[in-house]
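All heavy atoms count here, side chains included; hydrogens, waters and symmetry mates do not. Just so it is clear, the structure is predicted and the values come from calculations on it, not from any experiment.
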Amino acid sequence: MIGIEPTSNAFHRIRSIRVKGGFLDGLDVEFKDGLNCLIGGRGAGKTTVLEVLRWTLDHMPDQTDSSAHYRRVDKLITANLQGGQVELEVETRDDIRYRVRKDADGTSLVMNSAGDPVGIEIGRGTIFSADFYSQNQVEEIANDPLFQLKLIDKFVEEKISEITRQIQRLESELRENAEKILKLRGDITGLREKLSALPEVSEKLKAHKIEAGDEEGKVLRQASQGKALRDQETRALNRLDEILSDETERLSRGLTDLPASISELIHERILSGPNGTRLQRIKDILTDSAKELILKVQEASRLLEGMREELQKESDNLSALHIKQEKAYQDLLDEREKEKDKLKERDQLLRREAELEEEQKRLEERQAVLQQTELARATLLHRLSDLKDDRFEERLTVAQSLSEQLSPAIRVQIEQYGNTDSYRSLLLEAMKGSGFKYTQVVDRVVQRIPPHEFASIVQRGDSQTLSDHLEIDTDRANRLILQIKDTTTVFEVETVDLHDRPTIELKDGPDYKDSTVLSTGQKCTTILPILLLESASPLLIDQPEDNLDNAFIYETIVKSIRGVSGRRQLIFVTHNPNVPVLGDAQRVVVLQSTGRRASVKAAGTVDEVKDEIETILEGGREAFQKRKERYGY
């Protein structure tokens with residue numbers, strides 16, 4: 001079963017919130033372990049308190065997936081905090097207390113129970129967690145499979161987070177691998193184009209036979225080969241000089257500025273502060289190390305320069321030897337005046353052949369590296385697939401457990417790789433500028449060909465197989481392949497994350513209906529029981545009763561609240577009296593506002609603030625009395 005063992009203390013708790021400055025200036029609220037309710041009239045600050053709690057614990061909505069929601073919350077915080085400060089006290093499931101202080105500019109400080117600062121993250125880390133749902137966010141979950149996936153992940157958050165970290169590391173390695181493969185393939189294509197001239201050069205050389213007696217022909221052939229070899233020797237030494245020069249420049253680049261950078265960042269103003277002595281020590285350590293490093297780099301640079309000087313000296317000696325050898329060769333050619341031009345042409349062909357043979361060696365080396373890199377990619381892809389399978393198994397276990405706990409009213413299922421939106425978006429973006437209508441073709445690809453198979457077809461250039469799969473002519477299939485092949489897109493297709501697709505259904509009569517097609521009330525009816533299951537994380541919801549009738553509030557919400565009583569902290573903003581009264585709230589906080597500032601009017605148990613509950617949530621004593629008279633009880 002999903003959740004923690006039902007013990008009295010094994011869950012996180014928000015103990016209190018205190019605010020200085022802004023609309024909530026002076027607010028000081030303590031929370032209990034069980035159900036806490038924030039009530040008050042319109043504009044009393046109930047939603048603001050909940051969103052300030054969210055903001056302080058770094059649980060802001062995701063800017064990528066929920067940009068509009070993020071902007072709404074951020075705007076509310078900015079408008080109401082007005083340069084102030086929030087302080088929370090929280091207690092972990094291990095009974096360790098922390099204080100979190102956060103300023104309006106976002107500066108956050110976490111302290112232990114003794115008041116000493118500690119270097120930990122409270123909100124999104126593994127030390128403390130909380131679940132926040134703003135007004136209408138419950139309905140958004142019912143509408144969006146990606147939000148539903150995040151909801152499922154919350155039940156195995158630590159495991160999913162670890163798998164996600166491993167997936168991200170692998171994806172980073174795969175991106176680097178793809179760049180290396182593309183570079184190698186480009187080099188190989190260029191080398192093959194150069195080597196296309198090799199057969200022609202070889203054929204021409206066959207036509208340049210040295211026609212002379214055996215001994216004389218042997219001398220001429222050796223002399224000609226010697227000239228070609230001298231060219232290779234010169235090219236090799238020149239290339240070595242370039243490599244040594246590049247290494248010298250790479251070694252020293254930027255290091256000479258390191259001490260200045262240290263002084264610029266740890267400047268006099270910082271050193272004159274209360275931590276100046278410690279910062280001066282840091283500056284001295286870094287500066288001394290930087291100077292030592294520069295000296296070692298300079299020593300290495302001198303060694304490299306020494307290597308270049310020795311290379312130049314030996315190159316000059318070799319060059320002098322080459323001059324003598326070239327003179328002897330030219331003298332030999334002068335003796336063969338009739339064949340001189342033909343022999344010179346042969347020399348050029350021999351030199352060209354030697355250059356191409358060197359390129360052939362480079363080609364073979366790059367092909368070997370490419371093969372190793374592609375094998376490494378296959379291993380990485382296999383590991384990535386295994387991780388995604390592990391992630392799906394975790395999610396499937398959650399889905400099955402939720403269905404068991406909420407049966408028969410609610411059923412949760414999940415399909416691996418069921419959401420192909422990211423695959424489709426990737427291909428649509430890649431096909432821009434292709435010059436033909438591609439949307440329908442892309443849709444067929446997404447529907448009929450898994451990403452890894454499509455990537456393989458593209459890399460093979462197999463237009464016939466693609467044509468057969470998509471039922472299009474081979475010309476269009478080939479244009480599709482050419483648009484993607486030898487680009488980063490083909491590698492992105494291999495690793496595209498097809499999201500697992502959950503289906504959360506509500507039993508409506510004899511049938512189950514997908515939450516995405518239900519009425520607003522039914523959507524909340526489907527999602528709320530899942531949110532209210534036992535968890536170590538406090539659950540904070542703004543008006544969970546929205547769009548629900550009182551019968552459902554009693555049958556589901558109130559019973560769920562009682563079900564987790566003593567095993568999970570709940571903090572609800574509510575306008576419905578059934579939630580605090582029938583849910584037996586341990587703490588009801590009544591807020592009021594002057595329009596400029598909110599404050600706590602009263603706080604206590606349901607019995608202690610029953611007058612406020614009656615006035616604010618029941619419509620007043622007279623309304624309550626009339627209902628009693630009408631209903632007869």
Next item on the list: Examine distances only and state if a side-chain atom of Asp94 and a backbone atom of Ile96 form a donor-acceptor pair shorter than 3.5 Å.
Entry: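 No; judged by distance alone, with no hydrogens or angles, the pair does not exist.
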
Margin query: Measuring only between side-chain heavy atoms, which start at C-beta, is Ile152 closer than 4.5 Å to Val412?
Written below: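 In contact.
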
Margin query: Under 3.5 Å, is there a donor on one side chain and an acceptor on the other for Asp105 and Thr107?
Written below: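 Yes.
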
Check: Any idea which heavy atoms bring His12 and Arg93 closest together, and the distance?
Finding: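 Looking at all heavy atoms of both residues, the closest pair is ND1-N, 3.0 Å.
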
Check: With a 4.5 Å limit on heavy-atom distance, are the side chains of Val49 and Leu27 in contact?
Finding: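 Val49 vs Leu27: side chains touch.
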
Check: Is there a side-chain contact between Arg395 and Asp390 (heavy atoms, below 4.5 Å)?
Finding: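 No; the side chains remain at least 4.5 Å from each other.
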
Check: With a 3.5 Å cut-off and no angle check, do the side chains of Ser422 and His499 form a donor-acceptor pair?
Finding: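 No, no side-chain donor-acceptor pair sits under 3.5 Å.
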
Next item on the list: With side-chain contact (heavy atoms from CB on, under 4.5 Å) as the test, would you mind laying out the steps for Ile414 and Thr503 before giving the verdict?
Entry: CA-CA 6 Å; Ile414 188 163; Thr503 304; over 6 Å; no

Checklist line | Side-chain (Arg567) to main-chain (Gly563) donor-acceptor, under 3.5 angstrom | finding: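 Present.
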
Checklist line | Polar contact flag, side-chain donor to acceptor under 3.5 angstrom, Asp33-Gln569 | finding: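 No - no donor-acceptor pair under 3.5 Å links their side chains.
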
Next item on the list: Determine whether the side chains of Asp25 and Gln82 contain a donor N or O and an acceptor N or O closer than 3.5 Å.
Entry: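 On atom types as modelled, these side chains do not qualify, holding no pair under 3.5 Å.
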
Item checked: Atom NZ of Lys159 with >12 non-hydrogen neighbours under 6.0 angstrom ->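 Counting neighbours around NZ of Lys159, 12 or fewer heavy atoms of other residues, nucleotides or ligands fall under 6.0 Å, so no.
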
Margin query: Rounded at 0.5 Å granularity, tell me how far CZ in Arg281 sits from CG in Leu286.
Written below: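 One gets 11.0 Å once the value is rounded to the nearest 0.5 Å.
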
Next item on the list: Starting from the C-alpha separation in whole Å, work towards a yes-or-no answer on side-chain contact (heavy atoms from CB on, under 4.5 Å) for Lys507 and Arg411.
Entry: CA-CA 8 Å; Lys507 191 170 178 32; Arg411 184 170 69 184; over 6 Å; no

Margin query: Checking the side chain of Glu505 only, and the main-chain atoms of Ile410 only, is there a donor and an acceptor separated by less than 3.5 Å?
Written below: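 Side chain of Glu505 to backbone of Ile410: no pair is present.
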
Next item on the list: Taking atom types as modelled, find out whether Arg42 and Ser593 have a side-chain donor-acceptor pair closer than 3.5 angstrom.
Entry: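 Looking only at side-chain atoms, Ser593 and Arg42 do not form any donor-acceptor pair under 3.5 Å.
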
Checklist line | pair Phe128-Pro538: side-chain heavy atoms closer than 4.5 Å | finding: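 With C-beta onward as the side chain, the pair touches.
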
Item checked: Step-by-step salt bridge (charged side-chain N to carboxylate O under 4.0 Å, His left out) determination, Glu89 to Arg97 -> CA-CA 7 Å; Glu89 185 175 10; Arg97 294 203 180 199; 3.2 Å; yes

Notebook entry, point to check: Would you find a donor on one side and an acceptor on the other, under 3.5 Å apart, between the side chain of Gln416 and the backbone of Asp500?
Noted result: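 Judged by distance alone, no pair lies under 3.5 Å.
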
Checklist line | Cation-pi geometry met for Arg72 and Tyr70 (6.0 Å, 45°) | finding: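 Ring-cation test returns no.
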
Next item on the list: Using atom types as modelled and distance alone, determine if a side-chain donor or acceptor of Gln592 lies under 3.5 Å from a backbone N or O of Gly40.
Entry: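 Not at all, since once roles are kept as given, no pair shorter than 3.5 Å links the two residues.
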
Item checked: Step-by-step salt bridge (charged side-chain N to carboxylate O under 4.0 Å, His left out) determination, Asp58 to Lys102 -> CA-CA 10 Å; Asp58 293 328; Lys102 192 167 184 179; 2.8 Å; yes

Notebook entry, point to check: Between CD of Glu545 and OG1 of Thr574, what distance do you get to the nearest 0.5 Å?
Noted result: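 Result: 3.5 Å between the selected atoms.
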
Check: Which pair of heavy atoms, one from Leu498 and one from Tyr417, lies closest together, and at what distance?
Finding: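 Taking every non-hydrogen atom into account, O-CD2, 3.3 Å.
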
Checklist line | Option passing salt bridge (charged side-chain N to carboxylate O under 4.0 Å, His left out) with Glu91 (candidates Lys32, Arg99, Arg15) | finding: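 Answer to the salt bridge (charged side-chain N to carboxylate O under 4.0 Å, His left out) test with Glu91 among Lys32, Arg99, Arg15: Arg15.
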
Checklist line | Heavy-atom pair with the smallest gap, counting every atom of Lys513 and Asp508 | finding: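 Minimum heavy-atom separation between Lys513 and Asp508: NZ-OD2, 3.0 Å.
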
Margin query: Keeping Asp514 on the side-chain end and Val517 on the backbone end, is there a donor-acceptor pair under 3.5 Å?
Written below: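 Not a single qualifying donor-acceptor pair exists.
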
Note to self: Using modelled atom types and a 3.5 Å cut-off, is there a donor and acceptor pairing between side-chain atoms of Ser263 and backbone atoms of Pro259?
What the structure shows: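 Answer holds: yes.
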
Item checked: Within 6.0 Å of NZ in Lys388, more than 12 heavy atoms from elsewhere ->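 More than 12 within 6.0 Å, yes.
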
Next item on the list: Look at the side chain of Thr594 and the backbone N and O of Arg597, then say whether any donor-acceptor pair between them is shorter than 3.5 Å.
Entry: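 Judged by distance alone, yes, a pair lies under 3.5 Å.
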
Notebook entry, point to check: Which atoms form the tightest heavy-atom contact between Leu50 and Val573, and what is the distance?
Noted result: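 Closest approach of Leu50 to Val573: CD1-CG2, 4.1 Å.
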
Next item on the list: Would you sort out whether Val52 and Thr56 count as a side-chain contact (heavy atoms from CB on, under 4.5 Å), showing the intermediate values?
Entry: CA-CA 6 Å; Val52 165; Thr56 308; 4.0 Å; yes

Notebook entry, point to check: Checking Asp28 side chain against Gly26 main chain: does a donor-acceptor pair fall under 3.5 Å?
Noted result: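 Not a single qualifying donor-acceptor pair exists.
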
Notebook entry, point to check: When you check the side-chain N and O atoms of Ser401 and Gln405, is any donor under 3.5 Å from an acceptor?
Noted result: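 A pair is found: one side chain offers a donor N or O, the other an acceptor, under 3.5 Å apart.
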
Check: Is Glu162 salt-bridged to Arg165, cutoff N-O under 4.0 Å?
Finding: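 Here Glu162 pairs with Arg165 in a salt bridge, since their nearest N and O are under 4.0 Å apart.
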
Item checked: Trace of the salt bridge (charged side-chain N to carboxylate O under 4.0 Å, His left out) decision for Arg13 with Asp95 -> CA-CA 9 Å; Arg13 284 148 287 180; Asp95 300 326; 3.2 Å; yes

Check: In Å, rounded to the nearest 0.5 Å, how long is the span from CG of Leu540 to CG of Leu570?
Finding: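 Spacing of CG (Leu540) from CG (Leu570) equals 8.5 Å.
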
Margin query: Restricting to non-hydrogen atoms, name the atom on Phe572 and the atom on Leu35 that form the minimum distance, rounded to 0.1 Å.
Written below: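 The pair with the smallest heavy-atom distance is CD1-CD1, 3.8 Å.
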
Scan the side chains in residues 521-532 for donor-acceptor partners under 3.5 Å anywhere in the protein, sequence neighbours excluded, and list what turns up.
| unit_1 | atom_1 | unit_2 | atom_2 | d |
| --- | --- | --- | --- | --- |
| Gln522 | OE1 | Ser519 | N | 3.2 |
| Gln522 | OE1 | Ser519 | OG | 3.2 |
| Lys523 | NZ | Asn143 | OD1 | 2.6 |
| Lys523 | NZ | Ser515 | O | 3.1 |
| Lys523 | NZ | Thr516 | O | 3.1 |
| Lys523 | NZ | Leu518 | O | 3.3 |
| Thr525 | OG1 | Gly521 | O | 2.7 |
| Thr526 | OG1 | Gln522 | O | 2.8 |

Check: Would you find a donor on one side and an acceptor on the other, under 3.5 Å apart, between the side chain of Arg587 and the backbone of Glu30?
Finding: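 Side chain of Arg587 to backbone of Glu30: a pair is present.
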
Next item on the list: For the residue pair Tyr98 and Ile120, establish whether any side-chain heavy-atom pair is separated by less than 4.5 Å.
Entry: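 Touching, per the 4.5 Å side-chain cut-off.
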
Next item on the list: Taking the side chain as every heavy atom from C-beta outward, state whether Glu87 and Ile17 have any pair of such atoms under 4.5 Å apart.
Entry: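 Glu87 vs Ile17: side chains apart.
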
Check: Is there side-chain contact between Leu506 and Tyr512, with heavy atoms separated by less than 4.5 Å?
Finding: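 No, their side chains stay 4.5 Å or more apart.
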
Notebook entry, point to check: Is the shortest heavy-atom distance from the side chain of Thr48 to the side chain of Leu24 under 4.5 Å?
Noted result: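 A side-chain contact exists here, since the closest heavy-atom pair is under 4.5 Å.
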
Margin query: Can a side-chain donor-acceptor contact be found between Thr47 and Asp542 if the only test is distance below 3.5 angstrom?
Written below: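 Judged by distance alone, the side chains do pair up.
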
Next item on the list: Might you work through the side-chain contact (heavy atoms from CB on, under 4.5 Å) test for Leu109 and Val100, ending with a clear yes or no?
Entry: CA-CA 6 Å; Leu109 177 65; Val100 186; over 6 Å; no

Margin query: Regarding Gln413 and Gln400, do their side chains bring together a donor and an acceptor under 3.5 Å, going by distance alone?
Written below: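 Result is no, nothing qualifies.
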
Note to self: Just verifying a value: how many Å separate Gln137 CD and Phe132 CZ, rounded to the nearest 0.5 Å?
What the structure shows: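 Atom-to-atom, Gln137:CD and Phe132:CZ are 11.0 Å apart.
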
Check: After noting the C-alpha distance and the side-chain angles of Asp497 and Arg391, does the key distance pass the salt bridge (charged side-chain N to carboxylate O under 4.0 Å, His left out) rule?
Finding: CA-CA 12 Å; Asp497 197 357; Arg391 183 178 63 183; 2.9 Å; yes

Margin query: Show me the pairs that pass salt bridge (charged side-chain N to carboxylate O under 4.0 Å, His left out) and involve residues 130-149, at least two apart or across chains.
Written below: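 Every pair satisfying salt bridge (charged side-chain N to carboxylate O under 4.0 Å, His left out) with a residue in residues 130-149: Asp131-Lys154, Asp131-Arg568.
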
Notebook entry, point to check: Looking only at heavy atoms, which two atoms of Ile266 and Leu279 are closest? And how far apart?
Noted result: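 So the two residues come closest at CG2-O, 4.0 Å.
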
